Amino acid sequence: MSTIIGFYLLSALAFVSGLVVVTTRNLLHAVLALAVSSLAVAGLMLTLAAEFLALVLILVYIGAVVVIGVFAVMLTGHFDQPLVPASNELKPLGAATALAFFLLISGVLLIQPPARELPLFEMTVEQIGRLLLTEFVLPFELVSVLLLAAMVGAIVVSKGKED
Amino acid sequence: MTYIAEPAQLVLWLRGGLQQLAVWAGLPAVWGDWLGTVMEIFSLFAFCAVLVMVLVYAERKIAGHMQDRLGPMRVGWHGVLQVVADTIKLIFKESEVPAQADRCVYRAAPYVVFLAGFLALLALPLDKGVLPVHLNVGVIYILAAGTPGVVGILMAGWGSGNKYSLLGGLRSAAQMISYEVPLVLSLLGIVMLGRSLDLQQLVAAQTVPFVLYQPVAFIVFLIAAVAETNRNPFDIPEAESELTAGFHTEYGGIRFAYFFLAEYVKMFVFSALAATLFLGGWRGPVLPGWCWFFIKTGGMLFLFFWFRWTFPRLRADQLMNLGWKILTPLAFLNIIGTALMLMWL
């Protein structure tokens, strides 16, 4: 019972703060709303007894993504002018992306409908660790290389040409 | 005094009593559990307030004696009531909002920072079987609970609408995310030795305190913890000669008090974490477990105070060099060393 109440409250919070992220004109408020949204999603994971995932979500999304977002807002000179237009000229493209994502999700749900009764896992950290180092070691390493390349790329792009 | 020696039983007894109370009042027994949880949260909050008062008094006294002064002496016996007087002053002081502030963000910031410290407190094992929330990923929980604090400090820096606050907030956040890397890495060696992320099990695994196996990790953790709490010699975020008071320049009254609370609670959390993971936590002879926990944590806190009056403040570039070029590689070497040791021993 309390899990269901928690689910609806947290979903509503995640949804509303997600709406704030895309509608507010104040960049900093958007980033902070993103933090609230991630917290709500982490809470949803807690109601599913996925403690480890919830904590990693908080560490990565609030500890890294949101903080870097705030830095970006502050360092790109929006301190005096925090208000920016909340929409751009790419509406058709946006609609297409949203539709594609919706189709993807519904496709996944049609192929594998959500199970009503899932076995409860104990010690999820151990299982995740084991899987990461056995079955999924190659994808895991590929993602790491991709992230590293992105990081090096970002440094090269932002540094510009030396004269 | 057996009932004090076993606080775990006391907690269980109280919980059982609350359940019976709920049943007696004609309510489901779960309500008793909820009531117990609410009471635990309130008592932890009270614990925070009292703890911070004791720490502030201890710090001012220790600082005084290290500088050949007496410290607070006027209010009460040897100044013990000074902190109470200061607290009353802070509570009744008007806390205004600057005209140029981003009002919502400005108001929320102190509570975000405080909550981050307070939530971390929930998972500390005070004694065998005594911790408010038992998690099998306690180590990650404490690290994750602290992360919203960075956002809170950035909110304060931005929300104040003041250049000193903004610079202080940015410096502080940059410092905290830089030092989080060696901090987390230094704990990995412990996790590998104890084969668990559960703080209770990690304490139980320490027949010999882990500091003897992990001296390098201990030093890295200690330095990173001082930097994470923005204290001397890593207090450039609030360097008064450059930034007046950094991110909390514009704050006064009760909102300032929450920043203050947060700083000391965080210091306590890191000291307690060091005591738990490196010094054997509640393990120790003769005295009950919680005594050992507080003795070890107190020793770590004394180190924090001692640092403040021993080392001069680092420059911003020295700080980043130390974090990224010395501590992080050291922590990585420590992990490799620990792995090799575990393989061959």
Side-chain angles (χ1 to χ4, degrees), chain A residues 1-3 5 20 24 26-40 42-43 45-46 49-83 121-129 133, chain B residues 28 30-31 33-34 100 102-105 108-109 112 115-116 119 123 133-163 165-167 169-174 176-178 180-181 184 191-192 195-198 201:
Chain A
M1 185 60 196
S2 57
T3 316
I5 298 172
V20 173
T24 179
N26 188 322
L27 272 179
L28 191 91
H29 290 177
V31 179
L32 294 177
L34 185 67
V36 176
S37 181
S38 330
L39 265 185
M45 288 178 174
L46 278 184
E51 292 150 2
F52 179 69
L53 279 184
L55 293 176
V56 168
L57 189 88
I58 291 177
L59 268 175
V60 173
Y61 272 81
I62 296 180
V65 174
V66 167
V67 171
I68 299 295
V70 177
F71 264 80
V73 174
M74 288 182 176
L75 294 179
T76 47
H78 287 287
F79 186 48
D80 298 323
Q81 291 287 326
L83 297 183
F121 287 115
E122 281 293 314
M123 299 297 291
T124 49
V125 193
E126 260 191 42
Q127 286 164 350
I128 291 172
L133 286 178
Chain B
V30 186
W31 287 41
D33 275 342
W34 289 348
Q100 74 281 22
D102 189 337
R103 301 181 74 88
C104 256
V105 178
V112 174
L115 260 183
L119 286 177
V133 182
H134 189 119
L135 288 167
N136 55 15
V137 285
V139 179
I140 300 179
Y141 170 78
I142 289 189
L143 296 172
T147 50
V150 189
V151 180
I153 284 176
L154 282 170
M155 283 165 70
W158 169 281
S160 303
N162 166 325
K163 61 188 173 204
S165 303
L166 182 69
L167 283 173
L170 279 179
R171 276 192 190 182
S172 179
M176 282 163 87
I177 45 180
S178 304
E180 212 157 85
V181 176
V184 174
V191 173
M192 287 158 80
R195 288 163 195 274
S196 175
L197 286 166
D198 183 339
Q201 281 183 27

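Lettering of chains follows the sequences in order, A, B, ..., and the numbering in each one begins at 1. The structure displayed is predicted, hence computed values, not measured ones.
In this structure, no portion of B:Ala108 lies under 4.5 Å from any heavy atom of chain A. When heavy atoms are compared at a cutoff of 4.5 Å, B:Val137 approaches chain A by way of both its backbone and its side chain. Looking at B:Met176, there are no atoms closer than 4.5 Å to chain A (heavy atoms on both sides), in backbone or side chain. Interface residue B:Leu154: backbone and side-chain heavy atoms are both found under 4.5 Å from chain A. Proximity to chain B (any heavy atom under 4.5 Å) is restricted, for A:Leu32, to the side chain, taken from C-beta onward.
Taken to the nearest 0.5 Å, the CD1 atom of A:Ile58 stands 11.5 Å off from the CD1 atom of B:Ile140. Atom CG in A:Asn26 sits 6.5 Å away from atom CH2 in B:Trp158 (nearest 0.5 Å).
For A:Val31, the side-chain contact (heavy atoms from CB on, under 4.5 Å) partners are A:Val66, A:Val70, A:Val73, not counting sequence neighbours.
Between chain A and the residues B:Val151, B:Ile177, B:Val150, B:Leu170, the most heavy-atom pairs under 4.5 angstrom are made by B:Leu170.
In this structure, the side chains of A:Leu28 and B:Met155 stay at 4.5 Å or more apart for every pair of heavy atoms.
Closest approach of B:Pro148 to A:Ile62, counting heavy atoms only: CA-CG2, 4.0 Å. Between A:Phe71 and B:Ala173, the shortest heavy-atom contact is CE1-CB, 3.6 Å.
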